[in-house]
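Read the structure below first, then the notes.
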There are 2 protein chains.
Amino acid sequence: MDAWDAIGDPTRRAIMACLAGKELAVGELADELPVSRPAVSQHLKVLKNADLVAERTVGTRRIYRLNPAGVAALRDQLETFWSRALTGYQDVAEDRAGQTTNSRADRLEEEE
Amino acid sequence: MDAWDAIGDPTRRAIMACLAGKELAVGELADELPVSRPAVSQHLKVLKNADLVAERTVGTRRIYRLNPAGVAALRDQLETFWSRALTGYQDVAEDRAGQTTNSRADRLEEEE
DNA sequence: GCATTCCGTAAGTCTAGACTTACCGTTCGT
DNA sequence: ACGAACGGTAAGTCTAGACTTACGGAATGC
């Protein structure tokens with residue numbers, strides 16, 4: 001499960017928001033969210049597999065927190081995407097002004 | 001449809017990747033992706049409603065491009081989330097060292 | 001040892017949404 | 001005017017996954 005797939009679900013985003021800046025046990029998370037505790041467990045499993053959260057065990061309790069490295073990876077990927085996307089639009093603007101199609105055809109080949 | 005919901009789908013992420021730095025018509029997008037053209041149209045509608053892409057009409061063609069403002073908003077939200085998440089874990093580390101629960105209770109109230 | 005708490009997982013339900021084909025309106029070239 | 005290209009939308013299919021209840025293992029307190 002890709003991290004971007006993982007955050008595509010609103011309940012999982014809510015879980016991550018609950019975990020921002022602090023740790024919570026499964027039951028505590030379930031108390032704060034409008035879904036059952038097993039549902040929270042299942043979502044945490046997805047987030048864990050996507051490297052977005054980590055856990056530690058304290059007795060019977062599983063304490064979860066965000067995984068900063070995983071969240072940073074998302075941030076970096078989006079940053080990279082953003083800078084790339086912005087650069088291209090400056091080129092397109094010039095292209096449209098010049099009324100040429102060559103650079104566009106070249107760019108299609110680069111994409112492959 | 002929330003922008004984060006929108007990018008939770010792999011086909012829509014692929015569409016956005018195709019549009020990074022350039023414009024493409026619906027049919028061109030469909031040629032590059034393993035789904036039908038109407039499927040691409042439907043995804044573009046979702047992305048447009050989420051303010052992540054914009055379109056212009058040239059004759060019969062609909063030319064799509066990324067919406068820099070929409071993508072920037074995602075980036076900003078993730079940046080905000082990231083800095084907040086990181087700040088909290090420094091606090092939690094101190095909290096755990098101090099063995100107090102007051103700051104955690106306060107933070108729960110802030111979350112509401 | 002027993003009762004309670006905690007939580008992962010199994011199993012079942014059900015629907016949102018991702019996909020398809022078909023239809024049709026718009027634009028453009030001849 | 002007609003045919004071709006383009007693309008939005010309707011309607012249908014189907015399944016992944018988000019949800020639930022139930023079960024049972026592990027930890028802890030008395």
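Computed from a predicted model, the values in this text were never measured in an experiment. In what follows, every chain begins at residue 1, and chains take the letters A, B, ... in the order their sequences are listed.
Between B:Arg56 atom CZ and D:dG8 atom C1' the separation is 19 Å, expressed in whole Å. Per the geometry, CG belonging to A:Asp5 stands 12 Å off C1' belonging to D:dG17, to the nearest Å. Between the C1' atom of C:dT20 and the NE2 atom of B:His43 lies a distance of 12 Å, rounded to the nearest Å. Atom-to-atom, CG of B:Leu33 to C1' of C:dT20 comes out at 16 Å; the value is rounded to the nearest Å. Distance, A:Leu24 CG to C:dC6 C1': 15 Å, rounded to whole Å.
Under the 3.5 Å distance criterion, the side-chain polar atoms of B:Asn67 are matched with a main-chain donor or acceptor of B:Asp51.
Applying the 4.0 Å criterion to OP1 and OP2 of C:dT21, one finds that B:Ser36 has every side-chain N and O outside that range.
Contact record, A:Leu74 with A:Ala3: CD2-CB, 3.8 Å, taken as the closest heavy-atom pair. Here the closest non-hydrogen pair linking A:Tyr64 and A:Leu19 is O-CD2, 3.4 Å.
Contact annotation for A:Thr57: no contact, since no heavy-atom pair falls under 4.0 Å across all strands.
For the pair B:Arg61 and B:Glu23, the salt-bridge criterion is not met [side-chain N within less than 4.0 Å of a carboxylate O].
With the nearest nucleotide of DNA chain D identified for both A:Gly59 and A:Pro34, A:Pro34 has the one nearer the 5' end.
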For nucleotides 7-10 of chain C, print each protein N/O atom paired with a nucleotide N/O atom at under 3.5 Å, atom names and distance only.
unit_1	atom_1	unit_2	atom_2	d
C:dC7	OP1	A:Arg62	N	3.2
C:dC7	OP2	A:Gly27	N	3.0
C:dG8	OP1	A:Tyr64	OH	3.1
C:dG8	OP2	A:Ser41	OG	2.1
C:dG8	N7	A:Arg37	NH1	3.1
C:dG8	O6	A:Arg37	NH2	3.0

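A side chain to side chain contact (heavy atoms under 4.5 Å, CB included) with B:Leu24 is found for exactly one of B:Val40, B:Ile15, B:Ile63, B:Leu29, namely B:Leu29. Each of B:Met16, B:Arg12, B:Arg13 was scored for a side chain to side chain contact (heavy atoms under 4.5 Å, CB included) with B:His43, with one residue passing: B:Arg12.
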